[in-house]
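Reading through the structure tokens given below for one structure.
Just so it is clear, the structure is predicted and the values come from calculations on it, not from any experiment.
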Amino acid sequence: MIVLKEIIYKVAIEAVKGSTDISVHKIDFDSRNIGANDVFVAIRGTISDGHDYIGKAITLGAVAIICETFPEVLLNGITYIQVKDSNKALAYMAANYFGNPSQNLKLVGITGTNGKTTIASLLFQLFKKAGFKVGLLSTVKIMVDDVEYKATHTTPDSITINHYLKEMIDTGVEYCFMEVSSHGIHQKRTEALHFAGGVFTNLSHDHLDYHATFAEYRDVKKSFFDNLPKTAFVLSNIDDKNGLVMLQNTAAKKRTYALKSYADYKAQILENQLSGLLLKINGNEVWVKLIGTFNAYNLLAIYGTSIELGLESLEVLRLLSDLESVSGRFQFIVSNANITAIVDYAHTPDALENVLKTINDIRTKNEQLITVVGCGGNRDKAKRPIMAGIATELSDKVILTSDNPRNEDPEVILFEMEQGVAPQNYKKSLSISDRKQAIKTACQLAQTNDIILIAGKGHETYQEIQGVRHDFDDMKTVIELLNQLNK
């Protein structure tokens with residue numbers, strides 16, 4: 001139990017009805033999880049409004065209500081606290097409840113459209129190899145040093161974040177690397193966290209189903225850096241046209257990285273092969289197991305972050321050369337018939353173009369590049385034709401298929417994708433809504449030395465159709481199908 005007034009420290013309070021000098025059990029924003037002596041925080045969501053569930057929370061045992069608008073009837077014995085922003089209040093309350101754990105480790109947030117998962121996961125891997133106890137909050141998984149937990153969101157809610165950060169502190173973790181999504185920033189999930197640093201990767205077309213405009217999407221990302229303390233560092237990719245924008249108005253120490261521009265951390269690609277990259281980073285050559293220009297940027301961000309956190313340059317280069325690729329990020333296998341199958345999470349136009357250009361840079365052009373790609377349902381519709389256009393322009397054959405259709409009709413999604421296929425590329429493409437059948441068709445079309453790219457889902461082990469998640473793993477599926485076809 002903890003006293004309510006202790007967990008509302010720094011919360012912007014508008015009015016209070018009742019006593020704050022009461023003992024409470026826990027905080028929650030989901031009325032279904034409320035029990036005796038709990039605090040219920042009413043959040044206005046995109047689908048439902050927590051204010052509609054205040055009565056239910058009290059019935060289940062809530063003794064305190066945090067809300068933006070008081071209910072019409074205030075019950076005796078219940079404390080009501082009106083706040084300006086419930087999301088922000090929840091962030092501070094969660095941090096206070098768990099003892100502000102982010103202040104007791106070095107937390108680094110990575111944000112941008114592409115590269116967040118790779119950079120966070122490989123920083124975790126590198127610092128583990130360097131002998132530190134490390135934490136990870138990512139799309140793929142949550143790690144508390146050696147213990148793994150399942151991730152449900154790119155950036156979890158404030159209570160979940162602080163819960164795991166507290167567990168990290170209890171385990172002796174010194175560094176934590178965290179993906180920071182635009183949704184997470186906008187919904188104030190990262191408020192009240194103390195960051196030692198922030199990394200900006202790039203910005204391209206994504207999440208315009210949530211953010212009204214690209215400018216809003218950019219400004220939400222920028223607000224993360226605007227709020228960093230002067231004790232932190234910002235490491236920004238200035239080859240991206242928004243890289244310098246992210247550095248404006250931040251009090252943090254400004255650092256830059258680039259392949260094409262003058263920067264604090266500079267890299268040059270000397271060799272780019274399917275077996276890896278030879279890079280020259282700040283004058284030193286290093287061979288790494290990851291491939292592609294996009295990974296050169298990721299590795300440079302990892303290098304810069306490691307130096308800013310105090311690691312020694314040559315030691316970081318040694319550790320970079322030992323890093324393994326992240327699940328679902330340019331993962332590949334080669335079949336008995338020498339067919340290469342690549343699985344990648346590319347689910348934005350920019351990411352898909354990067355992956356396809358990387359493959360085209362490496363291949364001999366004596367083989368076919370067959371791409372299987374889909375777009376998610378109930379998400380940004382504008383990118384559907386763009387992605388189909390990119391796929392058909394940069395591949396020899398393309399099979400348009402389902403990603404996670406969610407509550408949309410897969411055939412409608414495919415139709416919208418097809419509108420982006422240029423007339424001269426029309427014969428290159430076909431549409432198969434069943435994802436397994438689409439991958440099977442790609443395997444049947446492939447000949448010796450051909451390359452199959454399966455894009456969009458990457459590490460995901462499910463496919464969501466009409467609100468139901470079905471087991472589906474792109475890598476397992478393509479391995480199984482290539483084996484069945486003896487390829």
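The 12-atom threshold is not exceeded at OH of Tyr53, counting heavy atoms of other residues, nucleotides or ligands nearer than 6.0 Å.
No side-chain donor-acceptor contact under 3.5 Å links Ser402 and Gln463. Side chains of Asp471 and Tyr462: a donor-acceptor N/O pair is absent below 3.5 angstrom, by distance only. A donor and an acceptor atom, one from each side chain of Thr113 and Tyr217, are located under 3.5 Å apart. Between the side chains of Asp474 and Thr477, no donor N or O sits under 3.5 Å from an acceptor N or O. For the 3.5 Å distance criterion, the side chains of Glu6 and Asn96 fail to qualify, holding no donor opposite an acceptor. Side-chain atoms of Thr117 and Arg329 form a donor-acceptor pair, as typed in the model, at a separation below 3.5 Å. With hydrogens and angles left out, the side-chain atoms of Asn298 and Asn295 include a donor and acceptor closer than 3.5 Å. Checked by atom type, the side-chain pair Asn114/Asn354 shows no donor-acceptor distance below 3.5 Å.
You'll find the ring centres of Phe124 and Phe177 outside the 6.0 Å limit.
When every heavy atom of Met178 is checked against every heavy atom of Ile161, the shortest pair comes out as CE-CD1, 3.5 Å. Residue Ala120 comes nearest to Glu179 through the heavy atom pair CB-CG, 4.2 Å, listed as atom of the first residue, atom of the second, then distance. Here the closest non-hydrogen pair linking Leu247 and Lys254 is O-CE, 3.0 Å. Heavy atoms only, all atoms of each residue included: Arg189 and Pro156 are closest at CD-O, 3.1 Å.
Note on ring orientation: taking the six-membered ring where Trp is involved, the planes of Tyr149 and Tyr164 are tilted (angle from 30° to 60°). Under the 30°/60° scheme for interplanar angles, the aromatic rings of Phe332 and Phe330 are found to stand perpendicular. Using cut-offs of 30° and 60° on the angle between ring planes, the pair Phe70 and Tyr80 is perpendicular.
Taking OG1 of Thr256 as the start and CD1 of Ile238 as the end, the distance is 4.0 Å to the nearest 0.5 Å. Interatomic distance, Gln331 CD to Ile454 CD1, rounded to the nearest 0.5 Å: 11.0 Å. Taking NZ from Lys128 and CG from Leu122, the interatomic distance works out to 15.0 Å, rounded to the nearest 0.5 Å.
Between Asp30 and Arg32 there is a salt bridge, since at least one side-chain N of the basic residue sits less than 4.0 Å from a carboxylate O of the acidic one. Salt bridge present: Glu68 and Arg44 bring a charged side-chain N and a carboxylate O closer than 4.0 Å. With respect to Asp21 and Lys5, a salt bridge is recorded, a charged nitrogen being found less than 4.0 Å from a carboxylate O.
A heavy-atom distance below 4.5 Å is not found between the side chains of Lys230 and Lys253. In this structure, the side chains of Val372 and Thr401 come closer than 4.5 Å at one or more pairs of heavy atoms.
When the side chain to side chain donor-acceptor pair (under 3.5 Å) test is applied to Thr111, the partners found at least two apart in sequence or on another chain are Lys221. Every residue was checked against the salt bridge (charged side-chain N to carboxylate O under 4.0 Å, His left out) condition with Asp344, not counting sequence neighbours, and none meets it. Phe195 pairs by the ring pair (Phe, Tyr, Trp, His ring centres under 6.0 Å) definition with Phe224, not counting sequence neighbours.
Remark: side-chain polar atoms of Asp38 are not paired, donor with acceptor, to backbone N or O of Ile34 under 3.5 angstrom.
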